[in-house]
Amino acid sequence: MKYRSTRGAKDNALTSPAAIIQGLAQDGGLYVPVDFPKANFQLEDLPKLSYKQISAMIISLFFDDFSKDQIKSAVINAYSEQWDDRSIVPIEKHNDNFYMELFHGPTLAFKDIALQMLPQLMTRAVQIEKIDRDIIILTATSGDTGTASMRGFANQKGTRVIVFYPESGVSPVQLKQMLSQHGDNLEAIAIKGNFDDAQTEVKKIFNDENFRKKLNQNGFQFSSANSMNIGRLVPQISYYLYTYGQLVRRREINLGDKVNFTVPTGNFGDILAGYYAEKLGLPINKLICASNENNVLTDFFAKGEYDKRRKFHLTNAPAMDILVSSNLERLLFDLYDKDNEKIASLMNQLTQRGHYQVDKEVLDKLQTIFAAGFATEDEVKEEIHRIYNYDRYVIDPHTAVGSYVAQQYKSKTNDQTPMVIVSTASPYKFPETVYEAITGRVCPQTGVAAIKKLHDELGGQLSIGVRTLFDHEPHVEKVIDPVNMEAAISSILDLK
Ligand SMILES: *Cc1c(COP(=O)(O)O)cnc(C)c1O
């Protein structure tokens, strides 16, 4: 199957391995399938399939240039003993909602689902494309992508990872994870700015032709581990299908019944994977886009105007502190019937003027499948408290955004459709907020010390992913100005 840019003509389409290696199209667009595939499964197959089987099925559907054996070994490597739950994605029922727990991987957030897989795909793509240069994974992160991509790519031959994250914009645990991850091919650097500054600069560096030439001459080439990379997005479709199958299997729903998913959203990758699952025929009634106080998307789904000209808030759900949600571009491409010129023009307006408006028709389409809402920092804490009080189930602040918005949606609409809340991080990844929400007292410590405090409060076994946080000593943090990001890359790679 071929992939094209959302901003370019389809004659420039690439194979899937080439699109995965490229990461981001040279015209600034994102890779999407030229023809969206038809499902290679029947709905009634889903309850019988394991997570690994569904993952292999979806990857072979979208990435058919990889051989069956390559996909099989990739799936086995990605979803094995580094997960603390053998089902990979356990589903919990609490207070009438289902929580799809995506945080049982090595860095305790849902990014692991895709970032344990992407390095497997990348190394195989490099073989298929017969590339002899080293692949430089250049990544902007609001916290979790950085940790998960460093972990996923650590010591993978022929790859190096350079991560840029906002100084003071990630949680103490995320920071510790990045600064203590072992691997001689890894680098994490703080920038004086927020996530959007990092992401904008990364996109700029990607599209700097001279820099690209210089890299190539030195035997390197860029790729991306952000959800802008199609190789990261596709593996995320699997958990929507798997969860649906499991709900049928447990007789919580009947085959063919519709479900709702509420998705804590930042860069719009996770929820877009849900939209792709729906396009493959999964019976989804609504995808509910949950934001924190950076609620650009809530306004967008209400009015059809995307307007980033607003204050940037640092919140207690930092992985969602984003004003420019890159993957929305893929959704718009679809809703504008693949009109790449229209998409290029909208994205250009966003860069130039800070906002754009979609047509009424497109807004109508958006509103038939999506709903949206947001939670403030206080509402996040209240929601963690409410859920904990009900039956001692503990959720993290990002999941709490989703849980709150799901509840708000239900009471506003009276929609009785079974609700799945996408649980995106372990509560131990954000122990300070969770501790405060549960006990009503400010946590006296941060980082791993706060994990201990929270554990004292909650009891029970700590997962292996949490326990390893106590092991390694972090490096000293490096901080630079965003304008010096390119220079920093040159120096790390020792470019001539
Ligand atoms: C990245 C992340 C999100 C947002 O996901 P997107 O795909 O960027 O929308 C939500 N919660 C957590 C914990 C995350 O790490």
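Remember, predicted model here, so these are calculated numbers, not experimental data. Whatever order the structure lists ligands and atoms in, that order sets their numbers, starting from 1.
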Phe261/Phe98 aromatic ring centres below 6.0 Å: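 No: the rings miss the under 6.0 Å criterion.
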Distance flag, aromatic centroids of Tyr51 and Tyr239, threshold under 6.0 Å: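 Centroid separation for Tyr239 and Tyr51: 6.0 Å or greater.
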Around [atom], find the nearest protein heavy atom and jot down its residue, atom name and distance.
{"atom": "atom 6 (P) of ligand 1", "result": "Asn267 N, 3.5 Å"}
{"atom": "atom 7 (O) of ligand 1", "result": "Asp270 N, 2.9 Å"}
{"atom": "atom 1 (C) of ligand 1", "result": "Lys111 NZ, 1.3 Å"}
{"atom": "atom 11 (N) of ligand 1", "result": "Thr424 OG1, 2.9 Å"}

Which atoms of ligand 1 sit under 4.0 Å from any heavy atom of [X]?
{"X": "Ala425", "result": "13 (C)"}
{"X": "Ala319", "result": "2 (C), 12 (C), 14 (C), 15 (O)"}
{"X": "Thr265", "result": "9 (O)"}
{"X": "Gly269", "result": "6 (P), 7 (O), 9 (O)"}
{"X": "Asp144", "result": "12 (C), 13 (C), 14 (C), 15 (O)"}

Between [X] and [Y], is there a side-chain N and carboxylate O pair less than 4.0 Å apart?
{"X": "Glu329", "Y": "Arg7", "answer": "yes"}
{"X": "Asp96", "Y": "Lys410", "answer": "no"}
{"X": "Glu293", "Y": "Lys311", "answer": "no"}
{"X": "Lys279", "Y": "Asp334", "answer": "yes"}

Least distance between heavy atoms, Asp321 atom then His313 atom: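 Minimum heavy-atom separation between Asp321 and His313: CG-O, 3.4 Å.
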Would [X] count as being in polar contact with ligand 1, using the rule that some N or O on each side must be under 3.5 angstrom apart?
{"X": "Phe110", "answer": "no"}
{"X": "Ser227", "answer": "no"}
{"X": "Gly266", "answer": "yes"}
{"X": "His398", "answer": "no"}
{"X": "Gln236", "answer": "no"}

Residue-ligand contact Pro264/ligand 1, heavy atom below 4.0 Å: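 Yes, Pro264 has a heavy atom closer than 4.0 Å to ligand 1.
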Aromatic Tyr388 / basic Arg392 pairing, under 6.0 angstrom, 45° off normal: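 Flagged: Arg392 positioned over aromatic ring of Tyr388.
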Phe206 and Phe222 aromatic ring geometry - parallel, tilted or perpendicular at 30°/60° bounds: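 Judged by the thresholds at 30° and 60°, the geometry between Phe222 and Phe206 is tilted.
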Distance, nearest 0.5 Å, that separates CD1 of Ile136 from CD1 of Ile489: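 The CD1 atom of Ile489 is 9.0 Å from CD1 of Ile136, to the nearest 0.5 Å.
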Lys429 and ligand 1 - part of the residue with a heavy-atom distance under 4.0 Å: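 For Lys429, there is no contact with ligand 1 at all, from either part.
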